[in-house]
2 protein chains.
Amino acid sequence: MFSKSCEYGIKATLFIAQKSQWGERVSLKEIAAAIDSPIAFTAKILQVLAKASIVNSTKGLHGGYEIEKECLPKISLKQIVQAIDGNRIFDGCALGLKICNAKEPCPMHSQFVIIRNKLSETLASSNLLNVAMNLNLGLTVLKR
Amino acid sequence: MFSKSCEYGIKATLFIAQKSQWGERVSLKEIAAAIDSPIAFTAKILQVLAKASIVNSTKGLHGGYEIEKECLPKISLKQIVQAIDGNRIFDGCALGLKICNAKEPCPMHSQFVIIRNKLSETLASSNLLNVAMNLNLGLTVLKR
DNA sequence: GTAAAATCGGATAAAAAGGTCTTTATATCT
DNA sequence: AGATATAAAGACCTTTTTATCCGATTTTAC
């Protein structure tokens with residue numbers, strides 16, 4: 001479904017969001033440990049997320065990553081997916097056709113429009129605050 | 001969503017299904033041309049589909065691939081996907097967790113169960129006869 | 001100035017995608 | 001029956017993409 005980069009990106013953002021609720025800033029090392037990801041690879045993904053202004057990064061001693069508390073309810077998982085994987089998953093043809101639309105559809109087009117719209121809505125309607133709250137309550141996990 | 005192998009596999013099977021309606025047997029070359037796929041790679045995928053008894057292959061002069069007419073309504077696209085990509089797409093965690101279920105869910109588990117079930121149902125309820133008929137009518141295409 | 005932390009450019013490894021060549025099977029034509 | 005042309009099967013190789021790692025640089029608090 002998603003690339004590995006995107007999986008790590010989502011998990012990393014969620015961990016940062018969780019800590020940012022309490023105004024805590026987290027380092028790369030902490031993130032990688034929390035989501036069980038390769039540290040250097042995670043760094044690269046975080047750069048992308050920082051450039052997309054989904055997370056804020058601070059260099060130097062006591063630096064790290066954070067998200068402004070007020071932004072948490074405004075950032076959706078869809079934004080993360082788009083920043084890392086683009087939106088091929090939302091608008092690309094399931095059978096890989098270059099041109100595939102209602103006028104010239106692939107054999108699965110009409111069915112997949114429904115599924116992709118559902119996916120898009122699901123991701124667009126989730127926000128970091130909600131998801132982070134479930135993490136806090138221990139109802140969901142980022143590892144294992 | 002699907003691997004390239006799977007995309008080609010679905011398109012190849014649909015093309016074979018279309019021709020098999022009229023009792024025609026098609027060669028690798030014809031298939032690759034019809035679905036615009038690399039010929040040698042397509043051969044490999046067809047081997048997998050033949051081993052999974054989704055298509056019948058015949059060697060030698062006038063050989064090629066076909067599907068018994070009576071089987072067309074009994075074969076679903078889900079079977080093709082499972083034969084090539086396995087069923088990670090149907091039961092794997094969207095965030096890549098090894099363990100992810102209702103008891104120990106990832107933050108997106110409950111939402112993704114719905115999407116994956118929808119995908120599974122859609123693919124399971126489609127059959128080669130129906131899809132091939134739309135191809136015949138020119139309502140859908142395998143190329144472009 | 002030093003240590004901690006992110007950034008940046010590139011190097012390496014692994015997996016997916018695609019290609020080549022040889023072998024095997026099978027109809028058809030002497 | 002044997003030779004031949006055709007077509008899939010199988011083993012192996014190359015390219016491309018994705019994933020991962022490393023080292024040098026920059027930034028900042030103390």
Side-chain angles (χ1 to χ4, degrees), chain A residues 1-13 15-16 19-20 24-67 81 84-86 88-89 92 95-96, chain B residues 1-13 15-16 19-20 24-67 81 84-86 88-89 92 95-96:
Chain A
M1 185 86 81
F2 303 128
S3 70
K4 230 88 183 58
S5 297
C6 197
E7 289 178 6
Y8 292 144
I10 293 172
K11 288 189 280 191
T13 308
F15 177 69
I16 298 167
K19 296 299 183 180
S20 292
E24 287 179 40
R25 185 183 281 168
V26 288
S27 73
L28 173 59
K29 243 183 288 184
E30 292 176 275
I31 296 169
I35 70 173
D36 195 25
S37 67
I39 189 161
F41 191 37
T42 308
K44 223 167 246 188
I45 298 161
L46 286 168
Q47 279 177 44
V48 174
L49 292 171
K51 276 199 183 119
S53 349
I54 289 169
V55 303
N56 296 124
S57 70
T58 316
K59 285 185 172 185
L61 197 57
H62 303 149
Y65 300 90
E66 80 203 302
I67 300 167
V81 172
I84 300 175
D85 277 355
R88 208 173 83 257
I89 193 164
L95 300 186
Chain B
M1 185 87 80
F2 303 129
S3 70
K4 230 83 182 68
S5 297
C6 198
E7 290 178 4
Y8 292 143
I10 293 172
K11 288 189 279 191
T13 307
F15 177 68
I16 298 168
K19 295 300 184 179
S20 292
E24 285 178 43
R25 186 184 279 168
V26 288
S27 73
L28 172 59
K29 243 182 289 184
E30 291 176 276
I31 297 169
I35 69 173
D36 195 26
S37 66
I39 189 159
F41 192 38
T42 307
K44 224 171 249 184
I45 297 161
L46 286 168
Q47 279 177 45
V48 173
L49 292 172
K51 276 199 182 120
S53 346
I54 289 169
V55 303
N56 296 122
S57 71
T58 314
K59 283 185 173 184
L61 197 57
H62 304 150
Y65 300 90
E66 80 204 303
I67 300 167
V81 173
I84 299 176
D85 277 356
R88 207 173 85 257
I89 193 164
L95 299 186

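Just so it is clear: chains get the letters A, B, ... in the order the sequence lines come, proteins before strands, and each one is counted from 1.
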Novice: So, does A:His62 get its side chain near the phosphate of D:dT28, meaning an N or O under 4.0 Å from OP1 or OP2?
Specialist: no

Novice: Students often get this wrong, so: under 4.0 angstrom with heavy atoms, is B:Lys44 touching a base, only sugar-phosphate, or nothing?
Specialist: base

Novice: Cation-pi between B:Lys4 and B:Tyr8: NZ/CZ under 6.0 Å from ring centre and within 45° of the ring axis?
Specialist: yes

Novice: OP1 or OP2 of D:dA9 sitting under 4.0 Å from any side-chain N/O of B:Tyr65?
Specialist: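 For D:dA9, OP1/OP2 do have a side-chain N/O of B:Tyr65 under 4.0 Å.
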
Novice: Should A:Lys59 be listed as having a side-chain N or O under 4.0 Å from OP1 or OP2 of C:dA3?
Specialist: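 It does not, given that no N or O in the side chain of A:Lys59 lies less than 4.0 Å from OP1 or OP2 of C:dA3.
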
Novice: Tell me whether the side-chain N/O atoms of A:Tyr8 come closer than 4.0 Å to OP1 or OP2 in D:dT20.
Specialist: yes

Novice: Would you indicate, yes or no, if D:dG10 has its OP1 or OP2 atom less than 4.0 angstrom from a side-chain nitrogen or oxygen of B:Gln47?
Specialist: yes

Novice: Measure from CG on A:Asp36 to C1' on D:dA19 and round the result to the nearest Å.
Specialist: 15 Å

Novice: Could you give the CZ-to-P distance, from B:Arg25 to C:dT26, as a whole number of Å?
Specialist: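 Distance check: B:Arg25 CZ to C:dT26 P gives 11 Å.
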
Novice: To the nearest angstrom, how far is A:Ile39 atom CD1 from C:dA5 atom C1'?
Specialist: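 Checked: the CD1 to C1' distance equals 11 Å.
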
Novice: Starting at CD of A:Glu30 and ending at C1' of C:dA4, how long is that distance when rounded to a whole Å?
Specialist: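 In whole Å, C:dA4 C1' lies 12 Å from A:Glu30 CD.
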
Novice: Grab the CG-P distance between B:Leu61 and D:dG2 for me, whole Å please.
Specialist: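 After rounding, the gap between these two atoms is 20 Å.
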
Novice: Once you round it to whole Å, what is the distance between C1' of C:dA16 and NZ of B:Lys4?
Specialist: 11 Å

Novice: Give a yes/no on whether any side-chain N or O of A:Ser57 is located under 4.0 angstrom from OP1 or OP2 of C:dA5.
Specialist: no

Novice: Quick one: A:Glu66 CD to C:dA5 P, roughly how many Å, whole number?
Specialist: 14 Å

Novice: Please determine whether a side-chain nitrogen or oxygen atom of A:Thr58 lies at a distance below 4.0 Å from atom OP1 or OP2 of C:dA5.
Specialist: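 Checking C:dA5 against A:Thr58, no side-chain N or O comes under 4.0 Å of OP1 or OP2.
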
Novice: Using whole Å, report how far CG of A:Leu46 lies from P of D:dC21.
Specialist: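 Atom CG in A:Leu46 sits about 15 Å away from atom P in D:dC21.
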
Novice: Give the nucleotide from the list C:dG19, D:dG10, D:dA8 with an atom nearest to the side chain of B:Leu28.
Specialist: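 Closest of the options to the side chain of B:Leu28: D:dA8.
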
